[in-house]
Amino acid sequence: VQLQASGGGLVQGGGSLRLSCAASGRTFSSYIMGWFRQAPGKEREFVSAIGRSAGITYYADSVKGRFTISRDNNKNSVYLQMNSLKPEDTAVYYCAARAGSFWPVLITNTNEYDYWGQGTLVTVSS
């Protein structure tokens, strides 16, 4: 599976952005999809994940209520709608695909994902 993230950019605090991640291959629906982010000088951290049929989602506490993850298996794509953005949301955002189960302890771990996209930069100004 090859993943291509897009949609990043510069936005003022309080604004919104929608990230997209397009996947190649015909097995997209068999993967759990996640979004992670990495701020300068920090480790990559979990943002959100969505189950194979979009029936289950999970969010980091830092983005809960502001970000919404969704997917369209017909378009082989996963999205991250980001609202009420804060300067601390500034980071490179990565999408990732996982073939295993949806246990929170696993889906929040970068080591548990099988494929990664190249990242898209989100910069939130104050």
Side-chain angles (χ1 to χ4, degrees):
V1 176
Q2 290 187 322
L3 304 174
Q4 180 77 31
S6 62
L10 174 63
V11 62
Q12 282 192 327
S16 299
L17 278 176
R18 187 191 193 212
L19 304 184
S20 299
C21 176
S24 65
R26 293 176 290 180
T27 59
F28 175 74
S29 61
S30 65
Y31 290 93
I32 291 165
M33 297 301 297
W35 285 98
F36 289 76
R37 67 187 181 186
Q38 188 166 17
K42 295 187 177 181
E43 293 187 352
R44 194 170 298 188
E45 66 174 5
F46 171 78
V47 175
S48 183
I50 188 166
R52 293 172 175 83
S53 62
I56 186 170
T57 57
Y58 194 78
Y59 297 92
D61 287 343
S62 59
V63 306
K64 201 173 295 181
R66 300 188 298 123
F67 291 10
T68 302
I69 190 170
S70 61
R71 69 188 294 165
D72 186 337
N73 288 340
N74 292 323
K75 295 183 179 180
N76 282 8
S77 293
V78 62
Y79 309 97
L80 187 68
Q81 177 66 44
M82 305 186 295
N83 298 329
S84 302
L85 282 162
K86 305 175 181 179
E88 52 263 43
D89 295 317
T90 295
V92 176
Y93 284 71
Y94 299 88
C95 57
R98 167 175 165 78
S101 61
F102 200 84
W103 293 107
V105 69
L106 299 178
I107 62 171
T108 58
N109 187 334
T110 57
N111 294 324
E112 295 293 332
Y113 283 78
D114 304 290
Y115 302 98
W116 289 85
Q118 87 293 354
T120 184
L121 176 62
V122 172
T123 303
V124 184
S125 63
S126 56

Answer yes or no: is there a donor N or O on one side and an acceptor on the other, between the side chain of [X] and the main chain of [Y], under 3.5 Å?
X	Y	result
R71	I32	no
R52	S30	yes
S24	Q2	yes

Ignoring hydrogens, what is the shortest heavy-atom contact between [X] and [Y]? Give both atom names and the distance.
X	Y	value
L3	V1	CD2-CG1, 3.6 Å
I107	S101	CG2-O, 3.8 Å
S48	I69	OG-CG2, 3.2 Å
V63	V47	CG2-O, 3.6 Å

Separation of [Y] [atom2] from [X] [atom1] (nearest 0.5 Å):
X	Y	atom1	atom2	result
S126	K86	OG	NZ	14.0 Å
L85	S125	CG	OG	10.0 Å
S29	D72	OG	CG	11.5 Å
M82	R66	CE	CZ	9.5 Å
F67	L19	CZ	CG	8.0 Å
T68	R18	OG1	CZ	10.5 Å

Which disulfide bond (SG atoms under 2.5 Å apart) pairs, counting each pair once, include a residue from residues 24-54, with sequence neighbours left out? none

Pairs satisfying disulfide bond (SG atoms under 2.5 Å apart), at least one member in residues 28-92, at least two apart: none

For V105, which fellow cluster members are found when Ile, Leu, Val, Met, Phe, Trp and Tyr are connected by side-chain heavy-atom distances below 4.5 angstrom, either directly or through intermediates? W103, L106

Check whether more than 12 heavy atoms from other residues, nucleotides or ligands sit under 6.0 Å from atom OH of Y58, and answer yes or no. no

Does [X] have any side-chain contact (heavy atoms from CB on, under 4.5 Å) partners at least two apart in sequence or in another chain, and if so, which?
X	value
S16	Q81, N83
K64	Y59, D61
S70	Y79

Would you mind listing every ring-ring contact (aromatic ring centres under 6.0 Å, His included) that reaches into residues 18-45, with sequence neighbours excluded? Y31-Y115, F36-F46, F36-Y113, F36-W116

Solution key, residues 90-97 side-chain donor-acceptor pairs under 3.5 Å, sequence neighbours excluded:
{"residue": "T90", "atom": "OG1", "partner": "P87", "partner atom": "O", "Å": "2.9"}
{"residue": "T90", "atom": "OG1", "partner": "V124", "partner atom": "N", "Å": "2.9"}
{"residue": "T90", "atom": "OG1", "partner": "V124", "partner atom": "O", "Å": "3.4"}
{"residue": "Y93", "atom": "OH", "partner": "R37", "partner atom": "NH1", "Å": "2.9"}
{"residue": "Y93", "atom": "OH", "partner": "D89", "partner atom": "O", "Å": "2.6"}

The salt bridge (charged side-chain N to carboxylate O under 4.0 Å, His left out) partners of R98 (sequence neighbours excluded) come to E112

